[in-house]
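Any value given below was found using the heavy atoms of this structure, including those in side chains, with hydrogens, waters and symmetry copies removed. What you see is a predicted model, and the numbers here were worked out from it, not measured in a lab.
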Amino acid sequence: MKKLIAFFIVAILLVSIKYFKIDDFSLFQTYDQLVIVTDKFYTNLNLESQNGEQYYYTFENNDKDKIMLESIDKNDIEAYVFYYQPDKKLKDFSVYFDYIYQGGAVENYDVYYGYYAGYNDFCNLKGKKVNFQLVHSDNCWILGFPLIVTGY
């Protein structure tokens, strides 16, 4: 009986950890610009653009914008898109990912996909978990969770 109770307690703890886990982007805070895509309109934020029921908000990497970011309910966020300087190297990003692989090249863009355990959402692609897209061009690096939804 004790083993059965212990099993249920452990199962409840594991489910609650997964449910309450918060996406962790603390490793990616050297961005130049961040675009948050939500399914809710926020009157206190400057709306960059709207596509159907998706709202795009752009933030610079400064204290004022970081405070504004905190007003967004994390449950409303559908995508994060980080922009970085072009002088970064792939290894600057890949050290934080569980794995990364090159998906190909499109025109002047090198496209990568992979998995980062600090972000909850993912899809299965060829038997692997994938939850980010990383693109490098001559102008910048773009990192999108779960994908780059702003275009590149």
Side-chain angles (χ1 to χ4, degrees), residues 13-152:
L13 285 174
L14 290 175
V15 168
S16 65
I17 288 171
K18 178 155 179 62
Y19 181 75
F20 292 112
K21 183 179 173 189
I22 297 173
D23 296 331
D24 178 20
F25 296 114
S26 61
L27 302 173
F28 307 106
Q29 295 304 306
T30 60
Y31 63 87
D32 295 318
Q33 195 173 55
L34 170 62
V35 175
I36 299 288
V37 181
T38 71
D39 58 2
K40 179 181 174 188
F41 177 71
Y42 284 87
T43 57
N44 64 319
L45 301 175
N46 295 326
L47 180 64
E48 184 73 28
S49 65
Q50 180 180 354
N51 183 7
E53 295 294 318
Q54 292 184 323
Y55 303 94
Y56 294 71
Y57 301 98
T58 301
F59 301 91
E60 302 297 323
N61 193 353
N62 59 47
D63 292 338
K64 178 184 165 231
D65 281 7
K66 286 181 180 179
I67 290 169
M68 289 174 34
L69 265 170
E70 293 175 6
S71 68
I72 298 176
D73 183 346
K74 304 296 184 228
N75 294 319
D76 296 334
I77 297 176
E78 295 185 10
Y80 300 83
V81 183
F82 297 89
Y83 292 83
Y84 299 91
Q85 292 292 318
D87 59 345
K88 284 194 171 286
K89 306 291 182 218
L90 180 61
K91 67 179 178 173
D92 296 332
F93 296 99
S94 62
V95 296
Y96 301 115
F97 301 136
D98 293 70
Y99 58 84
I100 185 170
Y101 64 92
Q102 187 163 5
V106 179
E107 296 179 12
N108 291 337
Y109 302 101
D110 295 321
V111 182
Y112 302 90
Y113 298 93
Y115 182 75
Y116 170 60
Y119 180 64
N120 283 338
D121 199 10
F122 67 89
C123 65
N124 282 308
L125 186 63
K126 296 182 181 178
K128 287 188 173 185
K129 290 181 180 179
V130 174
N131 66 359
F132 74 84
Q133 182 180 30
L134 178 66
V135 171
H136 180 246
S137 73
D138 294 337
N139 299 326
C140 66
W141 284 90
I142 307 171
L143 174 60
F145 290 94
L147 293 172
I148 298 170
V149 294
T150 57
Y152 46 87

Passing candidate, ring pair (Phe, Tyr, Trp, His ring centres under 6.0 Å) with F28, options F97, F132, F93:
F97
Look at the side chain of Q50 and the backbone N and O of G52, then say whether any donor-acceptor pair between them is shorter than 3.5 Å.
yes
Closest approach of Y99 to K128 (non-hydrogen atoms, all atoms of both residues)
OH-CB, 3.3 Å
Does Y56 reach the side chain of V149, with side-chain heavy atoms less than 4.5 Å apart?
yes
Any idea which heavy atoms bring V130 and L125 closest together, and the distance?
CG2-CB, 3.8 Å
A side-chain contact here means heavy atoms from C-beta on lying under 4.5 Å apart; do K66 and N61 qualify?
yes
For D73, is there any backbone N or O sitting under 3.5 Å from a side-chain donor or acceptor partner on Y42?
yes
Please examine the side chains of F82 and W141, heavy atoms only from C-beta on, and report whether any two atoms are closer than 4.5 Å.
no
Exam field: side chain D76 to backbone T38, donor-acceptor pair closer than 3.5 Å:
no
Check the pair L34, L69 against side-chain contact (heavy atoms from CB on, under 4.5 Å), reporting the backbone distance first and the verdict last.
CA-CA 10 Å; L34 170 62; L69 265 170; 3.8 Å; yes
Taking only residues two or more places apart in sequence, or in another chain, which ones meet Y83 in a side-chain hydrogen bond (donor to acceptor under 3.5 Å, both in side chains)?
T150
With a 4.5 Å cut-off on side-chain heavy atoms, are E53 and D39 touching?
no
Using modelled atom types and a 3.5 Å cut-off, is there a donor and acceptor pairing between side-chain atoms of N62 and backbone atoms of D65?
yes
Closest approach of Y80 and K74, non-hydrogen atoms and distance?
OH-CD, 4.0 Å
Excluding sequence neighbours, so at least two apart, what forms ring pair (Phe, Tyr, Trp, His ring centres under 6.0 Å) with Y101?
none
Would you check if Y115 and F122 make a side-chain contact, meaning some heavy-atom pair closer than 4.5 Å?
yes
Take a 6.0 Å sphere around CG of N108 and say whether it holds more than 12 heavy atoms from other residues, nucleotides or ligands.
no
Which residues satisfy the side-chain hydrogen bond (donor to acceptor under 3.5 Å, both in side chains) test with Y96, sequence neighbours excluded?
none
Taking only residues two or more places apart in sequence, or in another chain, which ones meet Y57 in a ring pair (Phe, Tyr, Trp, His ring centres under 6.0 Å)?
none
Could you tell me if the side chain of M68 sits less than 4.5 Å from the side chain of F59, heavy atoms only?
yes
Is any side-chain heavy atom of Y116 less than 4.5 Å from a side-chain heavy atom of I100?
no
Do D110 and L90 make a side-chain contact, defined as non-hydrogen atoms from C-beta onward lying under 4.5 Å apart?
no
Of all the heavy-atom pairs spanning I148 and V135, show the shortest one and how long it is.
CD1-CG2, 3.5 Å
Please enumerate all residues that pass side-chain hydrogen bond (donor to acceptor under 3.5 Å, both in side chains) together with S71, with sequence neighbours excluded.
N44
Listed by chain and number, what are the side-chain hydrogen bond (donor to acceptor under 3.5 Å, both in side chains) partners of K129, not counting sequence neighbours?
none
